[in-house]
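These notes concern the structure reproduced below.
Along the sequence shown, residues carry numbers from 1. Just so it is clear, the structure is predicted and the values come from calculations on it, not from any experiment. Just follow the structure's listing: the first ligand is 1, and inside any ligand the first atom is 1.
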Amino acid sequence: MSAIKLENVSKYYKSAETVSVGMQKVNLDFKMGEFVAVTGESGSGKSTLLNVISGLDSYEEGELYLFGEETSHYIISDWEKYRSTYVGFVFQNYNIIDSYSVLQNVLLALEIQGYDPKKKHERAMELIDKVGLKSHAHHKASKLSGGQKQRAVIARALAKDCPIIVADEPTGNLDSKSAVQVMKLLHDISKEKLVVVVTHDFDVVEPYATRKIRMHDGEVVEDKVLRSFDEPQKSEAPVLKKMNFLTVLRFAVRNLFSTPRRTFFLMLMQIIVMLAFTLLFATIQTELVDAYSYNSSSANINVPETRMLVEKRDGSNMTQADYDYLVDIREVDKVVEKGINFYNDVNMYVFNLDHPNSDAIYYGYEYDYPGNYTELRYNFIISGTDAASTLSDRAFEGAMPTAANQVIIDDPYDNFSVGDRIVLGKTGYYSNEAELLEEGINQFVVSGITNSVHGRDASRGFIYFSDEFLASEAVPDTYEDDDVKRNLENYVYESSFEIDNMYHGMYDINGYIDDGSTELKMSLYGIEDGIDYFSETSTFTIVDIEFTGFYYDWQRDTTEDIRTFTVENVKIYDDYTGYYDVIVLNEALNEAITDAYLKAYEDYYIIKSRDSYSISVASLSAGNRVIDRIDSDTYRVFYPASVPVTQTIDVMILSIVYNVILVVFTIFLYSIVHAVSRNTMRSRSKDFAIYRSIGAQQSVVARLVVIEQVMIAFASIVLMFVILNVIAIFNITISNYLTSLTPRNYIYLFVLFLLFGAWLGLRFNKRVFKQSVIQNINISKEDN
Ligand code: ADP
Ligand code: MG
């Protein structure tokens, strides 16, 4: 039976205008065991004939029989199956994969046909030995001479174990010595196969060929048997096994590693694109979170974005577990256990605004609104005033008053820093507001805080008003607090006095004036019911002074801390005429009390702080995300810098705009990647042609390309995230954006990039397979 039979087969090459004849009405019959030499001058149709019988190219007329089967009805996949099962190819330009070693080239053919993995090495070496390249098995193909390459190709063709071998000018580029070797080799293998060799140089093949076919103008003009040959026993058609996924995977890995420069280039490009994309995505993500959930512009003025407070909703104390949980949140930079409770209002008691020695006190207390929440109010008494404009720029935190009702307050004890400057932006109310009410002003907004002018030791509290306010009639002259006076009266006894009110305790301590005396002095001022209580200075000796409940918590009715101090003399005098009341302590006593009570005062906050933690975040959006994450049934978050908003239509529009930007940008970026990688892929046309010519089915090559791209994408993603995180160490902006990415975002990006890798692969495939194998080969010929 004939292996290949042509009946009046014609092949025309049609282009837009012309039709040229490739071959015309060819009638031939090839049998197994033949070694056919096809000769003829250039353009006579030799290659056309070869391409048609090997299924690389189609034909237009006549009928081609392959092992007795008609082929005029063949579709692409039939041809592919035929090619991959029956035909081994050897071409003039040594179709070898340059980036592979000889062994890998041969192994490839074995792998593609699903050769037993355990035996493939042995088999490959056997074949390499057969073509005399044993010593070059591990050499890179690109390093071989032409003759060696061609022999390697023959070894690979043999590896395929196919009944037909076609060779188009296999010795065309070889010196005569190599040419003879190659022809001999082809002849050797032709014993069980059908070998068809095209050559314009008949002399080289003459000693081996069993048959000579000469072509001219597309027609067979001579067909002569030169020698007899043995037709081998009819053998079974080889079974085609599909490459399994794992082999394709390994194949892809090998390809990536065998062309490191190309792989690196593709990865670099993708990394750049992924970086750009991830940063844009993170930016948009950040903006959207802010826009969706919070309205920063309507939040309190001048409050730091970096600080928030967290407490338990059930009122229980924070535990180590809470600490661990909070500190592990990505956006959380720091958890300060001694957070201060949040408060809404600042009450300002303004006394004797003009008095140079007047003092300021600050204290906090809680309002427990049943069923609502605990709020710590901050009260402070401010007695010194100045114009805010006297403060230098850096002497305060916050902002200069921009309106008459804005003030900068002095914070000598640094109380507010406990909870960071969250008092900023708060509204302050006067307790003695009657007169101010008359003037229409009884509220101030704290625009700034300073403690740098008077400092802690000076124990002074000042309030800095806007010039606008100071120029107004609203400035009160002197305030007298009747309550204070009355209370104090009650505690002054003949030989001792006791202060059991936090208010007074604080007041007194802040009233310390070091006048160098050893006496406890008390200055009282006031006339009540027409009686001048302390019209003259009187001195009396006491044994104990008892301070009680300095930080008395009346809501919980807890800690009564009674401390007793003994001093020798108490002197009451009224030096500070016009100043309503002050206790003047000598230095030693002041220190003792300060130690005991200021410390206790701090303890007060430490006790409080067990109920709330202060959290530092890097930015507003980080803070917003923390709220999103933890403001729940368990925790309540106070974040004065930001207030939640309900989603509005413009936020939705914003979201759409952002997404459109993202999509456009993505398409743009990937068009670039595609355009640039396309040329790289083009340079691989030859490799793809080889894969297919040695039997890899289109589907396998397609899968290979996709897998390669996905792998490149995968490696690029991993590297990109590494690079990004390294950059983030040095760049705070990028770091901020990165923290806005949730694990879900990461997964999203990961999948997205992988899909893009796959998409690129599919695009390349479309390009590669638009061309026939022979076009692929011709392209690579041009490239060479
Ligand atoms: P040979 O291999 O003997 O040199 P070919 O088979 O390549 O000859 O070519 C036979 C004829 O077909 C020539 O006239 C050639 O110009 C034409 N031909 C070959 N390939 C193509 C093609 N792809 N497009 C158009 N014409 C072609
Ligand atoms: Mg040719």
Going by the atom numbers of ligand 1, which of them fall below 4.0 Å from some non-hydrogen atom of [X]?
| X | answer |
| --- | --- |
| Glu41 | 3 (O) |
| Ser20 | 25 (C), 26 (N) |
| Ser42 | 4 (O) |
| Ser44 | 1 (P), 3 (O), 8 (O) |

| request: Would you check if the Mg ion (ligand 2) lies under 2.8 Å from any N, O or S atom of Ser47? | output: yes
Inspect the surroundings of [atom1] in [X] and state if more than 12 heavy atoms from other residues, nucleotides or ligands are less than 6.0 Å away.
| X | atom1 | answer |
| --- | --- | --- |
| Lys191 | NZ | yes |
| Lys212 | NZ | yes |
| Tyr746 | OH | yes |

Taking the six-membered ring for Trp, are Phe251 and Tyr691 parallel (under 30°), tilted (30 to 60°) or perpendicular (over 60°)? perpendicular
- Query: What orientation do Phe756 and Trp759 show, parallel under 30°, tilted 30 to 60°, or perpendicular over 60°?
  - Reply: perpendicular
message = Please confirm whether Gly40 approaches ligand 1 to less than 4.0 Å, judged on its heavy atoms.
response = no
| said: When you compare ligand 1 with Gly45, is there at least one nitrogen or oxygen pair between them that comes in under 3.5 angstrom? | reply: yes
The residue among Glu222, Glu219, Glu41 that forms salt bridge (charged side-chain N to carboxylate O under 4.0 Å, His left out) with Arg214 is Glu222
Note: heavy atom closest to atom 11 (C) of ligand 1, options Thr48, Thr18, Val21, belongs to Val21
